[in-house]
Amino acid sequence: MAPVMAASGPAPAGTHVEGVAAEAAANADARREYVRGDETFQSSYTCIAPSGAADKAPIVCEGRIDPVSPELYFSLSWRLDEFGDRAVDTVHIRRKGEVDAFQTIADVGSRAAAQIPNNGFELIDVNFDGYHDLRLIAEGTAGPNVLYRNWLWAPDEEAFVGNVALDEIVSPEFDPDTQEIVSRWRSSAAEGGIDIYIWEDGQTVLIHRETDSYAGPSACTRTFFDRIDGELRETGTGACG
């Protein structure tokens with residue numbers, strides 16, 4: 001990624017954002033060349049949850065990770081913890097037409113309020129390689145921040161593989177057009193922001209941050225940071241939009 005050089009003084013917010021957007025688009029085009037699966041594939045999945053609090057049967061979800069592979073069945077073993085939250089400890093995964101699981105994920109570490117359907121189970125392409133991956137809510141945190149447990153489909157291994165770096169990103173949103181991960185976070189009532197990540201060599205890399213700091217109801221400063229020479233540096237300030 002070409003570095004974004006900071007001006008000698010604060011850059012106008014509009015100019016800064018336009019430059020970042022243009023560079024992000026160019027890099028997204030380059031990253032698309034490495035897509036291995038079918039990035040146009042739209043996954044669908046369904047889950048059957050227990051019928052009530054007394055029903056301890058596993059949550060069973062069904063879906064595809066690509067257009068040609070067999071459907072997969074995910075059996076989520078769960079329990080209610082001391083706070084009344086549903087904790088998913090183990091996920092067994094098998095292919096349609098097969099009796100035995102080809103993969104068991106232990107120590108899942110998914111805990112969510114019982115009213116959240118299926119602990120937030122999703123099949124979604126989180127690394128833009130054309131294969132849909134598995135994620136569950138890990139836990140809720142302060143304010144709007146939500147953490148997930150993520151397992152990425154590895155076609156060479158024919159298995160889902162955990163990704164600790166992605167697990168640490170709060171409330172991630174995945175943009176297939178820009179090939180970016182967007183994280184909207186809040187650290188306190190007076191500070192929040194947005195982080196933008198890309199994938200490099202299977203790891204998430206923070207390339208852009210905008211932090212809003214509030215000094216009062218109508219006083220807010222937005223600070224911009226960009227990745228330059230491998231580290232995040234302040235590149236400008238402006239009014240909060």
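Values in this document were obtained by computation on a predicted structure and should not be read as measured data.
Once rounded to the nearest 0.5 Å, the distance linking OG of Ser110 with CD1 of Ile105 reads 11.0 Å. Taking OG1 from Thr211 and CD from Glu234, the interatomic distance works out to 9.5 Å, rounded to the nearest 0.5 Å. The distance from the CG atom of Asp133 to the CD1 atom of Ile65 is 8.5 Å, given to the nearest 0.5 Å. In this structure, Glu82 CD and Arg79 CZ are separated by 7.5 Å, a value rounded to the nearest 0.5 Å. Distance check, rounded to the nearest 0.5 Å: CD of Gln103 to CG of Leu134 gives 8.5 Å.
With contacts defined as side-chain heavy-atom distances shorter than 4.5 Å, the pair Ser183/Tyr197 qualifies. In this structure, Ile181 and Thr204 have side chains that are in contact, with non-hydrogen atoms separated by less than 4.5 Å. Counting heavy atoms from C-beta on, the side chains of Val126 and Asn163 never come closer than 4.5 Å.
Under a 4.0 Å N-O distance rule, the pair Arg233/Glu231 qualifies as a salt bridge. At a threshold of 4.0 Å, the pair Asp100-Arg94 does not count as salt-bridged, since none of the basic side-chain nitrogens sits closer than that to a carboxylate oxygen. No salt bridge links Arg95 with Glu71; every basic N to acidic carboxylate O contact stays at or beyond 4.0 Å.
With sequence neighbours left out, the salt bridge (charged side-chain N to carboxylate O under 4.0 Å, His left out) criterion links Arg222 to Glu210, Asp212. A search for side-chain contact (heavy atoms from CB on, under 4.5 Å) contacts involving Asp167 returns Arg149, Asn150, not counting sequence neighbours. Thr46 is linked by a side-chain contact (heavy atoms from CB on, under 4.5 Å) to Glu62, counting only residues two or more places apart in sequence or in another chain. With sequence neighbours left out, the side-chain contact (heavy atoms from CB on, under 4.5 Å) criterion links Gln203 to Ala165. Remark: Tyr148 engages no residue in a ring-ring contact (aromatic ring centres under 6.0 Å, His included) (not counting sequence neighbours). Remark: Asp195 pairs with Trp185, Arg209 by the side chain to side chain donor-acceptor pair (under 3.5 Å) rule, at least two apart or across chains. Partners of Asp175 according to the salt bridge (charged side-chain N to carboxylate O under 4.0 Å, His left out) rule, which considers only residues two or more places apart in sequence or in another chain, do not exist here. Residues that satisfy the side-chain contact (heavy atoms from CB on, under 4.5 Å) test with Val205, not counting sequence neighbours, are Ile198, Glu200, Ile207, Arg227.
Contact between Ile137 and Ala112 at its shortest, heavy atoms only, is CG2-CB, 4.2 Å. Counting all heavy atoms, side chain and backbone alike, Leu152 lies closest to Trp199 at CD2-CH2, 3.9 Å. Minimum interatomic distance between Glu180 and Phe128 (heavy atoms only, all atoms of both residues): O-CZ, 3.4 Å. Heavy-atom minimum distance, Arg111 versus Ala87: NH2-CB, 3.9 Å. Residues His92 and Ser77 share a closest heavy-atom pair of CD2-OG, 4.2 Å. The heavy-atom pair separating Asp66 from Tyr131 by the smallest distance is OD2-CE2, 3.3 Å.
Linking Ile, Leu, Val, Met, Phe, Trp and Tyr residues whenever their side-chain heavy atoms come within less than 4.5 Å leaves Val60 and Tyr45 in two separate clusters. Note: the hydrophobic cluster containing Leu123 does not contain Ile48 (ILVMFWY, side chain heavy atoms under 4.5 Å, direct or indirect links). Ile169 is not connected to Val161 by any chain of hydrophobic side-chain contacts under 4.5 Å among Ile, Leu, Val, Met, Phe, Trp and Tyr, and they are in different clusters. Trp78 and Ile93 fall within the same hydrophobic cluster, defined by Ile, Leu, Val, Met, Phe, Trp and Tyr side-chain heavy atoms under 4.5 Å apart, directly or through other members.
Under the 3.5 Å distance criterion, the side-chain polar atoms of Asp81 are matched with a main-chain donor or acceptor of Phe83. Distance alone, capped at 3.5 Å, places no donor-acceptor pair between the Asn118 side chain and the Phe121 backbone. Checked by atom type and distance alone, the side chain of Arg64 pairs as donor or acceptor with a backbone atom of Ser69 at under 3.5 Å. A donor-acceptor contact shorter than 3.5 Å links the side chain of Gln179 to the backbone of Pro176. Checked by atom type and distance alone, the side chain of Thr90 never pairs as donor or acceptor with a backbone atom of Ala106 at under 3.5 Å.
Counting only residues at least two apart or in different chains, disulfide (SG to SG under 2.5 Å) contacts with residues 145-231 comprise Cys220-Cys240. Evaluation of the ring pair (Phe, Tyr, Trp, His ring centres under 6.0 Å) test over residues 94-116, restricted to residues two or more places apart or in two chains, returns none. Screening residues 154-178 for ring pair (Phe, Tyr, Trp, His ring centres under 6.0 Å), with sequence neighbours left out, gives Phe74-Phe160, Trp153-Phe160. Residue pairs meeting the disulfide (SG to SG under 2.5 Å) criterion with at least one partner in residues 79-127, sequence neighbours excluded, are absent.
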Next item on the list: List the steps, then state whether side-chain hydrogen bond (donor to acceptor under 3.5 Å, both in side chains) holds for Arg186 with Asn145.
Entry: CA-CA 7 Å; Arg186 179 162 292 283; Asn145 304 330; over 6 Å; no
Check: For Asp89 and Val108, what are the C-alpha separation, side-chain angles and deciding distance, and is it a side chain to side chain contact (heavy atoms under 4.5 Å, CB included)?
Finding: CA-CA 5 Å; Asp89 297 317; Val108 169; 5.7 Å; no
Next item on the list: Mind running side chain to side chain contact (heavy atoms under 4.5 Å, CB included) on Ser213 and Glu191 for me, showing each step along the way?
Entry: CA-CA 5 Å; Ser213 299; Glu191 185 176 76; 3.6 Å; yes
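Under the side-chain contact (heavy atoms from CB on, under 4.5 Å) rule, His208 has a single partner from Leu232, Val182, Asp226, which is Asp226.
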